[in-house]
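Just so you know, ligand 1 is whichever comes first in the structure, and atom 1 is the first atom listed for that ligand. No experiment lies behind these values; they were computed from the predicted model shown.
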Amino acid sequence: MSWHILGAGSLGSLWAVRLARSGLPVQLILRDQSRLEAYHRAGGLTLVEQGRPQLHPIAAQTADHPAPIQRLLLACKAYDAEAAVARLAPRLTADAELILLQNGLGSQAAVAAQVPQARCILASSTEGAFREDDFRVVFAGHGHTWLGDPLDLSPPSWLDDLERSGIVHDWSLDILSRLWRKLALNCAINPLTVLHDCRNGGLSEHPAEITTLCAELGELLETCGQPAAAADLHDEVLRVIQATAANYSSMHQDVRQGRRTEIAYLLGHACAAAQRHGLALPHLRALHTRLVKHLNAHGLPSQ
Ligand code: NAD
Ligand code: KPL
């Protein structure tokens with residue numbers, strides 16, 4: 001059974017290399033013929049670990065390839081997920097399984113609606129990787145990946161493949177709670193680092209803003225039926241700010257590098273959920289408005 005992996009970016013490459021080097025069949029799915037040709041010219045994926053680069057000539061194809069897909073790791077950004085899966089839908093088998101690696105919430109439901117016959121397994125990861133160049137990825141931080149399926153709590157058989165490949169993971173019986181918790185952390189930290197143009201640690205100079213946001217995010221999580229994700233949120237936000245004080249948040253890095261952010265699946269999703277529940281969260285809404293303005297002023301999409 002091949003692992004099809006869409007997206008030869010940071011996390012997609014990290015998964016592809018580890019699965020392939022443990023002897024499992026892997027097929028990368030690239031955007032189009034010109035990307036496939038560029039990939040062949042590069043000779044494969046290069047993964048840099050502890051400063052040491054190694055080239056891995058993993059098989060690759062485009063979405064138009066005729067072979068059926070039974071297992072697909074979707075490793076693109078949240079805003080690309082729905083369109084990417086729409087192109088692959090005709091290739092999915094009746095018992096297809098998709099692993100959705102997207103951060104935030106909203107894209108997973110959009111993908112699942114595209115492919116109602118498939119099992120969609122949601123993932124939340126604390127691993128860190130970044131693209132140094134085309135088809136060259138640096139493994140920047142070891143972490144953990146939680147996987148789960150809110151509609152079917154039975155673990156899939158291929159978790160053994162992850163074990164064998166050294167992909168540290170757990171099967172989660174409440175993956176939505178994990179995704180909501182991560183979303184809340186990202187909403188409390190990332191937008192403020194962009195607006196104050198600071199590292200995560202710089203937020204310790206804005207304790208009142210953090211406290212107010214955490215209170216509203218906690219209220220939202222409770223209202224959305226996620227009380228476990230709300231528990232001690234403020235404490236954890238402060239802990240993460242301290243532990244990652246020297247880092248720039250992922251959203252700050254995206255904005256600085258002129259890349260589109262996943263705002264719609266983080267703060268945008270939180271504000272939309274609050275509105276659906278008739279919940280007034282004035283500070284969260286004001287933060288969203290400020291961030292949208294900031295992104296637009298920098299020529300970046302705010303959706
Ligand atoms: P990335 O931008 O590095 O890689 C995404 C890749 O998908 C790109 O190469 C892009 O060209 C490709 N892609 C997009 N649409 C495609 C299509 N239709 N066909 C083929 N390829 C397509 O992104 P990433 O950093 O790997 O992030 C993926 C998700 O994982 C995001 O939601 C991100 O927030 C989350 N995440 C990333 C990290 C990290 O350290 N990089 C950590 C935790 C979570
Ligand atoms: O996940 C993060 C990010 O930068 O996206 C942290 C470090 C938790 C900050 O929100």
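On a distance-only criterion, A129 and ligand 1 share at least one N/O pair closer than 3.5 Å. Checked against a 3.5 angstrom limit, the closest N/O atoms of T244 and ligand 2 fall outside it. In terms of polar-atom proximity, S10 is counted as a contact of ligand 1, with an N or O under 3.5 Å from an N or O of the ligand.
Proximity to D80 (heavy-atom distance under 4.0 Å) selects the following atoms of ligand 1: 14 (C), 15 (N). Of all atoms in ligand 1, numbered sequentially from 1 with element shown, those under 4.0 Å from a heavy atom of G128 are 40 (O). Less than 4.0 angstrom separates some heavy atom of Q102 from each of these atoms of ligand 1: 32 (O). Counting atoms of ligand 1 from 1 in the listed order, those under 4.0 Å from a heavy atom of E127 are 40 (O), 42 (C), 43 (C). Per-residue contacts place L30 under 4.0 angstrom from the following atoms of ligand 1 (heavy atoms of the residue considered): 20 (C). Residue L101 has at least one heavy-atom neighbour below 4.0 Å for each of these atoms of ligand 1: 29 (C), 30 (O), 35 (C). Taking every heavy atom of I29 and a limit of under 4.0 angstrom, the matching atoms of ligand 1 come to 20 (C). Taking a cut-off of under 4.0 Å to the non-hydrogen atoms of S249, the atoms of ligand 2 that pass are 4 (O). Residue-ligand proximity, V240 to ligand 2, at heavy-atom distances under 4.0 Å covers atoms 8 (C). The ligand atoms of ligand 2 that sit less than 4.0 angstrom from a heavy atom of I189 are 9 (C), 10 (O).
For atom 6 (C) of ligand 2, the closest non-hydrogen atom on the protein side is N186 ND2, 4.0 Å. The single protein non-hydrogen atom nearest to atom 4 (O) of ligand 2 is S250 N, 2.9 Å, given as residue, atom name and distance. Scanning the protein heavy atoms around atom 10 (O) of ligand 2, the nearest turns out to be N190 OD1, 2.6 Å. Atom 12 (C) of ligand 1 has G7 CA, 3.8 Å as its closest protein atom, hydrogens excluded (heavy atom only). Of the protein's non-hydrogen atoms, C76 O, 3.5 Å is the one closest to atom 28 (C) of ligand 1. The closest protein non-hydrogen atom to atom 15 (N) of ligand 1 is R31 NH2, 3.4 Å. Closest to atom 27 (O) of ligand 1, if we only count protein heavy atoms, is K77 CE, 3.7 Å. Summary of contacts: the protein heavy atom closest to atom 43 (C) of ligand 1 is S125 O, 3.5 Å. Looking at atom 7 (C) of ligand 2, its nearest protein heavy atom turns out to be N200 ND2, 3.9 Å. Looking at atom 34 (O) of ligand 1, its nearest protein heavy atom turns out to be E262 OE1, 2.6 Å. The closest protein non-hydrogen atom to atom 44 (C) of ligand 1 is L11 CD1, 3.8 Å. Atom 18 (N) of ligand 1 has its closest protein heavy atom at A84 CB, 3.6 Å.
Proximity of A75 to ligand 1, defined as any heavy-atom pair under 4.0 Å, is confined to the backbone N, CA, C and O atoms. Only the side chain of R131 comes within contact range of ligand 1, with a heavy atom under 4.0 Å; no backbone atom does. Only the side chain of K182 comes within 4.0 Å of ligand 2, counting heavy atoms alone; its backbone N, CA, C and O stay farther away. Neither the backbone nor the side chain of N103 comes within 4.0 Å of ligand 2, counting heavy atoms alone. No part of T126 comes within 4.0 Å of ligand 1, judged by heavy-atom distances.
Using cut-offs of 30° and 60° on the angle between ring planes, the pair W15 and W3 is tilted.
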Would you sort out whether S34 and D32 count as a side chain to side chain donor-acceptor pair (under 3.5 Å), showing the intermediate values? CA-CA 6 Å; S34 77; D32 53 31; 3.1 Å; yes

Checking I5 against L19 for the side chain to side chain contact (heavy atoms under 4.5 Å, CB included) test, could you report, in this order, the C-alpha distance in whole Å, the side-chain angles of both residues, the deciding distance, and whether it holds? CA-CA 10 Å; I5 299 185; L19 290 165; 4.0 Å; yes

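Looking at E216 and R285, no side-chain N of the basic residue comes within less than 4.0 Å of a carboxylate O on the acidic one, giving no salt bridge. Between R35 and D134 there is a salt bridge, since at least one side-chain N of the basic residue sits less than 4.0 Å from a carboxylate O of the acidic one. Salt-bridge formation is detected for the pair R119/D152: a Lys NZ or Arg NE/NH1/NH2 atom is positioned less than 4.0 Å from an Asp or Glu carboxylate oxygen. At a threshold of 4.0 Å, the pair R199-E205 does not count as salt-bridged, since none of the basic side-chain nitrogens sits closer than that to a carboxylate oxygen. Comment: R239 does not engage D232 in a salt bridge, judged by the lack of any side-chain N to carboxylate O separation of less than 4.0 angstrom. Checked for salt-bridge contact, R87 and D64 meet the test: a charged N lies under 4.0 Å from a carboxylate O. Look at E236 and K182 and you find no salt bridge, because none of the NZ, NE, NH1 or NH2 atoms lies under 4.0 Å from a carboxylate O.
For S204 (side chain) and G201 (main-chain N/O), a donor-acceptor pair under 3.5 Å exists by modelled atom type. Here the side chain of Q61 pairs no donor or acceptor atom with the backbone of L30 at under 3.5 angstrom. No donor-acceptor pair under 3.5 Å is formed between the side chain of T193 and the backbone N or O of N200.
Donor-acceptor pairing under 3.5 Å is recorded for the side chains of E209 and H196.
Aromatic rings from H144 and H169 are positioned such that their centres are separated by 6.0 Å or more.
Separating the CG atom in L213 from the NE2 atom in H283 is a distance of 8.0 Å, to the nearest 0.5 Å. Rounding to the nearest 0.5 Å places OG of S2 at 9.5 Å from CG of L24.
Of the candidates L6, L14, D134, T261, L6 brings a heavy atom nearest to atom 19 (N) of ligand 1.
Atom CD of E163 has 12 or fewer neighbouring heavy atoms from other residues, nucleotides or ligands inside a 6.0 Å radius.
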